[in-house]
Participant: 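Okay, here's the structure, questions in a sec.
Basis for what follows: all heavy atoms, side chains included, without hydrogens, waters or symmetry-related copies. Numbers restart at 1 for each chain; the letters A, B, ... are given by sequence-line order, proteins then strands.
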There are 2 protein chains.
Amino acid sequence: MKRIEAKKRSNLRDVAKAAGVSVATVSRVLNSPDSVNEQTRKKVQQKIDELKFVPSAAARAINSGRSRFVGALVPTLDNAIFARFLNSLEQGLGTHRLSLIVATTDSDPEKESQKARELLDIGAEGLVVSGVTHDPDFHALLRQRRTPTIATSFYDPNHYLPTVGYDNASAAQIAINHLRDLGHTRIAIIYASQKNNDRTIARLNGIKAIEEGLELSYFETEMSQSGGASAALEICKNPRLPSAVFCLSDVLATGALFGLQSQHLKVPDDISLMGLDDLPGSAVIFPSLSTVHLPVSRMGSITANALADWVERGKIPSSTLLSARLVERGSTKRA
Amino acid sequence: MKRIEAKKRSNLRDVAKAAGVSVATVSRVLNSPDSVNEQTRKKVQQKIDELKFVPSAAARAINSGRSRFVGALVPTLDNAIFARFLNSLEQGLGTHRLSLIVATTDSDPEKESQKARELLDIGAEGLVVSGVTHDPDFHALLRQRRTPTIATSFYDPNHYLPTVGYDNASAAQIAINHLRDLGHTRIAIIYASQKNNDRTIARLNGIKAIEEGLELSYFETEMSQSGGASAALEICKNPRLPSAVFCLSDVLATGALFGLQSQHLKVPDDISLMGLDDLPGSAVIFPSLSTVHLPVSRMGSITANALADWVERGKIPSSTLLSARLVERGSTKRA
DNA sequence: TCAAGTTGTGTAACTAGTTACATTCAAATT
DNA sequence: AATTTGAATGTAACTAGTTACACAACTTGA
């Protein structure tokens with residue numbers, strides 16, 4: 001009679017029995033093979049291979065109290081800036097033998113809070129979030145659990161969480177000052193309103209702080225290239241065109257470029273265009289995009305190291321300010 | 001004397017002791033609250049809240065044999081096509097209460113194999129990979145562990161793994177046939193060589209199969225917009241220009257567009273340009289990019305559902321063919 | 001009034017590992 | 001020859017949950 005039964009994974013005890021040794025010895029072969037006699041080790045190893053034994057991570061986690069993974073909460077993966085950040089974050093964590101669980105929030109604070117709770121419930125040892133503005137539940141959760149958590153894309157040394165990011169206000173000011181230096185005073189600003197997006201708010205506030213002597217107009221759109229394109233069309237409707245357009249992100253700027261071109265406006269001859277982010281593609285569009293470089297890859301690796309230090313050695317990191325810098329390319333020229 | 005000690009998470013036994021009940025009762029309050037007397041339940045719940053008790057996922061996993069996460073191995077997150085796929089994969093898995101661990105491979109089969117092993121070692125219940133060509137170790141690993149695994153971006157009903165993807169050969173043929181229909185016979189092809197990239201190889205083979213009557217030239221470059229741009233410059237060096245350029249990915253095509261523009265070639269008047277992927281940005285560049293749409297978001301959700309079914313109910317999915325379709329936009333016109 | 005059934009709870013044995021401590025045995029030292 | 005030392009291994013108690021089974025207390029029916 002053939003017994004139909006799921007061949008359950010073999011465990012330590014199975015291997016121990018098969019090899020005629022104790023469970024402790026098998027465990028030693030796994031974790032400190034030097035402390036086991038050559039012959040015994042070989043015999044055990046052979047049985048391990050024979051039985052295709054793989055130690056259970058859950059059982060290990062239960063003993064060590066370590067799960068060896070952290071969670072990252074990002075608004076979306078469908079934007080190169082977050083994808084690039086996660087790319088380097090994942091690589092950085094890998095050097096510390098930590099895995100990364102990704103959760104997307106759609107920029108919805110409630111969803112973020114809920115996903116954060118799920119991540120912690122399944123044993124995440126640390127979290128990475130974007131920005132410092134979150135759901136009250138989320139803050140309460142972090143305060144309660146005391147899980148190592150780093151807020152990114154936003155530098156704020158006074159925040160209760162360590163932050164790794166840039167000064168969004170001054171990043172925007174770098175762009176505005178560049179345009180001002182080139183003699184532009186009538187500037188259209190395109191930004192994407194995502195509710196609770198503190199990065200955008202900080203950038204807008206940075207602009208407000210230095211708007212003296214400038215004639216600014218604001219265009220709100222959605223965060224996508226087509227959003228940028230349609231905002232550009234909106235700008236073109238105005239009979240008195242601005243001499244420059246500043247987009248608060250490169251995605252918007254790339255879209256705006258095509259919007260302007262579709263209206264037969266030449267960039268930068270007819271109108272200057274600036275972005276903010278410096279995506280890989282921004283250097284190769286035509287004309288190449290003047291922008292403000294945000295070091296997201298560095299942010300990823302710094303965050304990875306800081307979080308690993310916190311998780312593994314309890315070392316609470318201090319906030320890190322990454323400097324944004326002007327990247328002057330072909331889309332801006334003297335007014 | 002203040003004792004400095006890590007307040008370790010409270011566990012079932014702590015709660016049981018505090019509430020004056022047995023561990024079984026606390027466990028019941030957690031898992032089948034109806035089977036516990038109202039008063040007892042309230043008392044226990046209060047202690048759970050007081051002690052901020054959260055059940056350990058590892059301990060649960062050890063009993064259920066479930067870790068509730070799967071791993072995805074992608075070449076990089078720094079390409080919209082994979083990021084979009086993961087975005088919908090993650091969302092799809094979320095509806096099945098499965099988490100997603102992301103691992104990047106840099107298109108290196110050895111790295112992929114190693115990361116796959118790591119994922120399985122930490123208890124991944126399933127895997128998602130790109131393409132069907134992998135390291136021998138990787139195949140051996142999958143055969144040994146029998147972990148539910150789905151190969152994506154590549155449809156092959158005869159593969160030993162279920163595949164969810166499109167027919168890359170015919171996707172490329174759709175593009176070539178479109179150009180041929182428009183009267184183009186001299187076509188330059190730009191492709192990115194990533195060693196072992198079966199998607200690219202399949203696309204090239206698809207072209208080979210229908211090259212009769214065409215005059216094709218091939219340009220190999222790296223997978224980035226700047227790679228596309230420099231390949232375009234290479235094309236322009238030829239005194240007898242092709243009438244159309246076909247890039248095997250939209251990232252390359254966007255780069256090629258800027259490369260052609262920088263040489264003062266008008267697309268599509270002087271030269272037609274086609275991509276393959278259909279990224280969100282491809283519709284808004286100017287001129288908008290004619291391309292072949294690959295349904296990566298659908299691929300993500302289908303993969304998520306298929307993998308969840310396999311993991312949760314042992315239902316091995318059959319391969320799914322997703323159809324690519326022509327997207328005719330502004331970058332191609334009659335020769 | 002006694003048996004049977006229901007409800008609620010506890011005991012202890014599981015899940016799969018790690019590890020402190022004990023033990024054995026042989027080699028080296030006194 | 002007796003003692004010390006060290007290597008190699010085993011025993012059993014941990015980690016944090018779940019759950020089969022036992023049992024008490026109460027209700028219900030004959």
Participant: Heavy-atom distance under 4.5 Å between the side chains of B:Leu98 and B:Arg66, does that happen here?
Facilitator: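 Yes. Closest side-chain heavy atoms under 4.5 Å.
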Participant: Do other residues, nucleotides or ligands put more than 12 heavy atoms under 6.0 Å from A:Lys17 NZ?
Facilitator: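 No, the 6.0 Å shell around NZ holds no more than 12 heavy atoms from other groups.
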Participant: Can you see if the side chain of B:Asn31 gets near the phosphate of D:dT18 - specifically, an N or O under 4.0 Å from OP1 or OP2?
Facilitator: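 So the side chain of B:Asn31 is within the cut-off, an N or O lying under 4.0 Å from OP1 or OP2 of D:dT18.
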Participant: Between A:Phe53 (CZ) and C:dT15 (C1'), how many Å, whole number?
Facilitator: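 From A:Phe53 CZ to C:dT15 C1': 13 Å.
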Participant: Tell me yes or no: between the side chains of B:Glu312 and B:His96, is some donor less than 3.5 Å from an acceptor?
Facilitator: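 No - no donor-acceptor pair under 3.5 Å links their side chains.
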Participant: Base, sugar-phosphate alone, or nothing: which one does B:Val54 contact when heavy atoms must sit under 4.0 Å apart?
Facilitator: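 Sugar-phosphate, backbone atoms only, no base.
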Participant: Restricting to nitrogen or oxygen on both sides, can you table the protein-nucleotides 9-14 of chain C pairs closer than 3.5 Å?
Facilitator:
from: C:dT9; atom 1: OP1; to: B:Thr40; atom 2: OG1; distance (Å): 2.2
from: C:dT9; atom 1: OP2; to: B:Asn37; atom 2: N; distance (Å): 2.9
from: C:dT9; atom 1: OP2; to: B:Thr40; atom 2: OG1; distance (Å): 3.4
from: C:dG10; atom 1: OP2; to: B:Ser22; atom 2: N; distance (Å): 2.8
from: C:dG10; atom 1: OP2; to: B:Ser22; atom 2: OG; distance (Å): 3.1
from: C:dG10; atom 1: OP2; to: B:Thr25; atom 2: OG1; distance (Å): 2.7
from: C:dG10; atom 1: O6; to: B:Arg28; atom 2: NH2; distance (Å): 2.6

Participant: Could you check how far CZ of A:Arg66 sits from C1' of D:dA16, rounded to whole Å?
Facilitator: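 Rounding to the nearest Å, CZ of A:Arg66 and C1' of D:dA16 are 18 Å apart.
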Participant: Rounded to the Å, how far apart are B:Arg60 CZ and D:dG17 C1'?
Facilitator: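 Rounded to whole Å, this separation is 8 Å.
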Participant: May I ask you to establish whether A:Arg199 and A:Phe154 are in a cation-pi arrangement, using a distance under 6.0 Å from NZ or CZ to the six-membered ring centre and at most 45° from the ring axis?
Facilitator: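 No, A:Arg199 and A:Phe154 do not form such a contact.
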Participant: Nearest whole angstrom, please: distance from the P of D:dG17 to the CD1 of B:Ile48.
Facilitator: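 For the pair B:Ile48 CD1 and D:dG17 P, the rounded distance is 10 Å.
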Participant: Does either side chain, that of B:Glu110 or that of B:Gln114, offer a donor lying less than 3.5 Å from an acceptor on the other one?
Facilitator: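 The criterion, which ignores hydrogens and geometry beyond distance, is not satisfied for B:Gln114 and B:Glu110.
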Participant: Starting from C1' on C:dT15, measure out to CG on B:Leu12 and report it in whole angstrom.
Facilitator: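 Distance, rounded to whole Å: 14 Å.
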Participant: Please give, in whole Å, the distance from D:dT18 C1' to B:Leu30 CG?
Facilitator: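 One finds 11 Å between C1' of D:dT18 and CG of B:Leu30, rounded.
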Participant: Hey, does A:Ser27 reach any base, or is it just sugar-phosphate, or nothing, if we go heavy atoms under 4.0 Å?
Facilitator: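 Base: the residue A:Ser27, judged by heavy atoms under 4.0 Å, touches a nucleobase.
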Participant: Could you state the atom-to-atom distance from CG of A:Asn11 to C1' of C:dT15 in whole Å?
Facilitator: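 That distance rounds to 9 Å.
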Participant: Using modelled atom types and a 3.5 Å cut-off, is there a donor and acceptor pairing between side-chain atoms of A:Thr104 and backbone atoms of A:Asp106?
Facilitator: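 Absent.
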